[in-house]
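Numbering of ligands and ligand atoms starts at 1, following listing order.
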Amino acid sequence: MKTLITGGTGLVGQAIQSISTQYPNHNFTFLSSSDCDLTDFSKTLEYFKSLQPDYVIHLAACVGGLYKNINYKVDMLEKNLTINYNVLKCCHLTGVKKCVSCLSTCIFPDKTTYPINENMLHDGPPHTSNDAYAYAKRMLEIHSKSYREQYGSNFICVIPTNIYGPHDNFHLNDAHVIPALIHKCYLAKQEGKPFIVRGTGSPLRQFIYSEDLAKLIMWTLEKYEENDSIILSVSEKDEVSIGKIAELIAGEFDYLDNMKYDTNYSDGQYKKTADNSKLMSLFGDFEFTSMDEGMKKSVRWFIDNYEKCRK
Ligand code: NAP
Ligand code: GDP
């Protein structure tokens, strides 16, 4: 079976690569933007026609943390709408048997009740900080559902919570909170300066280790047969504050005594608590990596790969 991973060079794509030998029945192709620019429809179609994938895991996206979402709304909207349109259309035109696309728990409504479940995705506007990204991702769900309803295509979506791990993007301004703070703490310690955490530290988030998500996405591809999207997240009990995450990171660097909050920066949405009970009802014995272990591995990877990692 030919299995194409779009976004194969990113955080999640690399995590699938790292477990790929556990799936000998899949002949994987890990696509990067230099192999094919998925914003270009004719190149995307040419690529799909030449590879003829049986399965597609669609991860490619214009991705970033809170401050990238605030500062680059046109990119977040246009690039993601275009990539998603092209990939789904080409999956359809080349007869892909199953396409699993990636949404995010950060695209749920801002004003909502908690915990958030799969049925609440379109129940109200997203938080203004990431509305451009959120609406593009919501359209990916509508697009997949439309293919299912009009053509019977097996196109579905997974909804992961915040992800972290090796091969992340560690950019100081544009990255998600964990990689951005790992990089900031590393520099702060080297320079003997304060470790600056943006916002108040009070917002709450759930985090999934990238390799756990890779396993769950492969499970979705191979075993999940329902039509509706599924949240791939740790439990509500594992929700942690940004302050706690910053302390965990500072602890890894042994730099706990020089941490400061810069409250000139936005906190973003206070919380997005996601309900993973659908996943647990189908795959109850899945074992998540603890935050302590995942963070240790991520910090180690960043230090070992400082020169060449994305930052
Ligand atoms: P990432 O590390 O930023 O990687 C993005 C991937 O997309 C890279 O492989 C990149 O290729 C590819 N890509 C971007 N633009 C492209 C284009 N025009 N043509 C072809 N490929 C292109 O992203 P990630 O964190 O692994 O995210 C994977 C998926 O999970 C995304 O759909 C994202 O929205 C979703 N998600 C992420 C998080 C998170 O916390 N990271 C949370 C929830 C959901 P190059 O390497 O060549 O640039
Ligand atoms: P979100 O979960 O989609 O909001 O995205 P992020 O992964 O970017 O997490 C944002 C939360 O982390 C907000 O509450 C920020 O105030 C907080 N935070 C603290 N320092 C940083 C930082 O350096 N970068 C980012 N992206 N977020 C930070």
Side-chain angles (χ1 to χ4, degrees), residues 5-17 30-40 43-44 47 57-70 75-76 78-80 82-84 86-87 100-108 126-127 129-130 133-134 136-137 140 157-185 195-208 210 213-214 217 231-233 241-243 245-246 249 259 261-272 274 310:
I5 317 292
T6 75
T9 45
L11 167 66
V12 183
Q14 291 272 358
I16 296 180
Q17 283 201 43
F30 294 93
L31 184 82
S32 75
S33 59
S34 51
D35 300 322
C36 175
D37 178 0
L38 297 171
T39 61
D40 181 323
K43 285 192 182 140
T44 306
Y47 186 87
I57 294 176
H58 173 38
L59 307 171
C62 184
V63 185
L66 172 63
Y67 306 106
K68 182 169 177 184
N69 274 294
I70 291 174
D75 293 349
M76 302 313 271
E78 288 184 355
K79 287 192 183 161
N80 287 315
T82 312
I83 289 174
N84 296 338
N86 290 346
V87 168
V100 178
S101 298
C102 215
L103 309 178
S104 168
T105 54
C106 72
I107 71 171
F108 277 98
H127 193 266
S129 59
N130 73 346
Y133 173 80
K137 284 283 187 186
L140 177 55
C157 296
V158 293
I159 315 178
T161 185
N162 297 44
I163 310 158
Y164 71 105
H167 302 277
D168 212 334
N169 174 8
F170 293 86
H171 193 280
L172 293 170
N173 289 313
D174 294 348
H176 285 96
V177 58
I178 290 184
L181 290 185
I182 289 176
H183 192 176
K184 282 174 192 178
C185 195
F195 169 36
I196 308 287
V197 180
R198 294 180 177 178
T200 62
S202 59
L204 301 171
R205 298 287 186 270
Q206 286 148 297
F207 293 93
I208 187 167
S210 56
L213 180 63
I217 290 176
I231 289 174
L232 302 181
S233 172
S241 71
I242 297 299
I245 288 298
I249 292 170
M259 191 165 102
Y261 289 97
D262 184 347
T263 53
N264 293 313
Y265 283 95
S266 159
D267 265 346
Q269 195 166 341
Y270 172 58
K271 65 177 189 169
K272 318 172 179 204
R310 285 184 292 162

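- Polar contact with ligand 1: present for Val12 (N/O pair, distance under 3.5 Å).
- Atom OG1 of Thr105 is separated from atom CD1 of Ile159 by 8.5 Å, given to the nearest 0.5 angstrom.
- Using 4.0 Å as the threshold, Gly268 has no heavy atom nearer than that to any atom of ligand 2.
- Close approach of ligand 1 to Thr9 is summarised as follows: ligand atoms under 4.0 Å from at least one heavy atom of the residue are 8 (C), 9 (O), 11 (O), 45 (P), 46 (O), 47 (O).
- Protein heavy atom nearest atom 28 (C) of ligand 2, with residue, atom name and distance: Val177 CG2, 3.6 Å.
- Closest to atom 13 (C) of ligand 2, if we only count protein heavy atoms, is Asp267 O, 3.2 Å.
- Taking every heavy atom of both residues into account, Val197 and Ala246 meet most closely at CG2-CB, 3.7 Å.
- Short contacts between ligand 1 and Cys36, defined as distances under 4.0 Å to a heavy atom of the residue, involve ligand atoms 19 (N), 20 (C).
- Among all protein heavy atoms, the one lying closest to atom 11 (C) of ligand 2 is Ile242 CD1, 3.8 Å.
- Inclusion of Leu31 in the set of residues having an N or O under 3.5 Å from an N or O of ligand 1 is not warranted.
- The shortest non-hydrogen separation linking Gly201 to Asp267 is N-OD1, 4.1 Å.
- The protein heavy-atom contact nearest to atom 30 (O) of ligand 1 is Cys102 SG, 3.3 Å.
- Not one N or O on the side chain of Gln206 forms a donor-acceptor pair closer than 3.5 Å with the backbone of Ser233.
- Comparing Arg198, Arg205, Lys271 by heavy-atom distance to atom 20 (N) of ligand 2, the nearest is Arg198.
- Of all heavy-atom pairs spanning Ile249 and Ile178, the tightest one is CD1-O, 3.8 Å.
- Residue contacts with ligand 1, taken as heavy atom pairs separated by less than 4.0 Å, involve Tyr133 solely via side-chain atoms from C-beta onward.
- Closest approach of Arg205 and Lys271 over heavy atoms only: NH1-CA, 3.9 Å.
- Residue contact check: Asp37 has heavy atoms under 4.0 Å from atoms 17 (C), 18 (N), 19 (N) of ligand 1.
- Atoms of ligand 1 found under 4.0 Å from any heavy atom of Ser32 (numbered from 1 in listed order, with element): 47 (O).
- With a 4.5 Å cut-off on side-chain heavy atoms, Cys36 and Thr44 count as touching.
- Looking from atom 23 (O) of ligand 1 to the surrounding protein, the closest heavy atom is Val63 CG2, 3.5 Å.
- In this structure, atom 39 (C) of ligand 1 lies nearest to the protein heavy atom His176 CE1, 3.5 Å.
- At least one N or O atom of Leu66, backbone or side chain, sits closer than 3.5 Å to an N or O atom of ligand 2.
- Selection from Arg310, His167, His58, Lys137 by nearest heavy atom to atom 3 (O) of ligand 1 gives Arg310.
- No part of Ile178 comes within 4.0 Å of ligand 2, judged by heavy-atom distances.
- Considering backbone and side-chain atoms alike, Leu11 places an N or O below 3.5 Å from some N or O of ligand 1.
- Taking the side chain as every heavy atom from C-beta outward, Val63 and Leu11 never approach each other to under 4.5 Å.
- The shell of residues lying under 4.0 angstrom from ligand 1, judged by heavy atoms, excludes Asn169.
- Formation of a donor-acceptor pair under 3.5 Å by the Asp168 side chain with backbone atoms of Phe170 is not found in this model.
- Here Ile83 has side-chain heavy atoms under 4.0 Å from ligand 1, and that is the only part of it that gets that close.
- Atom 4 (O) of ligand 1 has its closest protein heavy atom at Gly10 CA, 3.3 Å.
- Which of Tyr265, Tyr261, Tyr270, Tyr67 comes nearest to atom 16 (O) of ligand 2 through a heavy atom is settled by distance: it is Tyr67.
- For Lys79, the NZ atom counts as loosely surrounded, since its 6.0 Å shell holds 12 or fewer non-hydrogen atoms of other residues, nucleotides or ligands.
- Residues Phe108 and Ile231 form a side-chain contact, since some pair of their non-hydrogen atoms from C-beta on lies under 4.5 Å apart.
- Using a distance-only test at 3.5 Å, with no hydrogens or angles considered, no donor-acceptor pair links the side chain of Asn173 to the main chain of Lys68.
- Using a 4.0 Å heavy-atom cutoff, Gly64 is absent from the residues neighbouring ligand 2.
- Checked by distance only, ligand 2 and Ala180 stay at 3.5 Å or farther apart across all their nitrogen or oxygen atoms.
- Looking at Leu213 and Val12, their side chains come closer than 4.5 Å, going by heavy atoms from C-beta outward.
- Distances from ligand 1 to the non-hydrogen atoms of Asp35 include no value under 4.0 Å.
- Given atom 6 (C) of ligand 1, the protein heavy atom at minimum distance is Gly7 CA, 3.6 Å.
- Heavy atoms only, all atoms of each residue included: Ala134 and Ile107 are closest at CA-CG2, 3.5 Å.
- Annotation: atom 44 (C) of ligand 1 to nearest protein heavy atom, Leu103 O, 3.2 Å.
- Across all non-hydrogen atoms, the minimal contact from Gly165 to Ser210 is CA-OG, 3.7 Å.
- If you check each of Gln269, Lys272, Lys184 against atom 23 (O) of ligand 2, the one with the closest non-hydrogen atom is Lys184.
- Among Ser33, Ala60, Ala61, the residue whose heavy atom sits closest to atom 14 (C) of ligand 1 is Ala61.
- Distances between N or O atoms of Thr161 and those of ligand 1 include no value under 3.5 Å.
- Atom NE2 of His176 is separated from atom CD1 of Ile163 by 7.5 Å, given to the nearest 0.5 angstrom.
- Backbone and side-chain nitrogen or oxygen atoms of Gly13 are examined, and none is located within less than 3.5 angstrom of a nitrogen or oxygen of ligand 1.
- With a heavy-atom cut-off of 4.0 Å, Thr200 does not touch ligand 2 at all.
- Using a 4.5 Å cut-off on side-chain heavy atoms (C-beta onward), Asn69 and Ser129 make no contact.
- The protein heavy-atom contact nearest to atom 43 (C) of ligand 1 is Ser104 OG, 3.3 Å.
- Using a 4.5 Å heavy-atom threshold, the side chains of Leu59 and Ile5 count as touching.
- Here Ala246 has no heavy atoms under 4.0 Å from ligand 2, in either its backbone or its side chain.
- For atom 36 (N) of ligand 1, the closest non-hydrogen atom on the protein side is Ile163 CD1, 3.7 Å.
- Looking only at protein heavy atoms, the nearest one to atom 26 (N) of ligand 2 is Ala175 O, 2.9 Å.
- For the side chain to side chain contact (heavy atoms under 4.5 Å, CB included) criterion with Phe30, the lone passing option out of Thr6, Thr9, Ile16 is Ile16.
- The shortest distance between side-chain heavy atoms of Phe207 and Ile245 falls below 4.5 Å.
- Inclusion of Pro160 in the set of residues having an N or O under 3.5 Å from an N or O of ligand 1 is not warranted.
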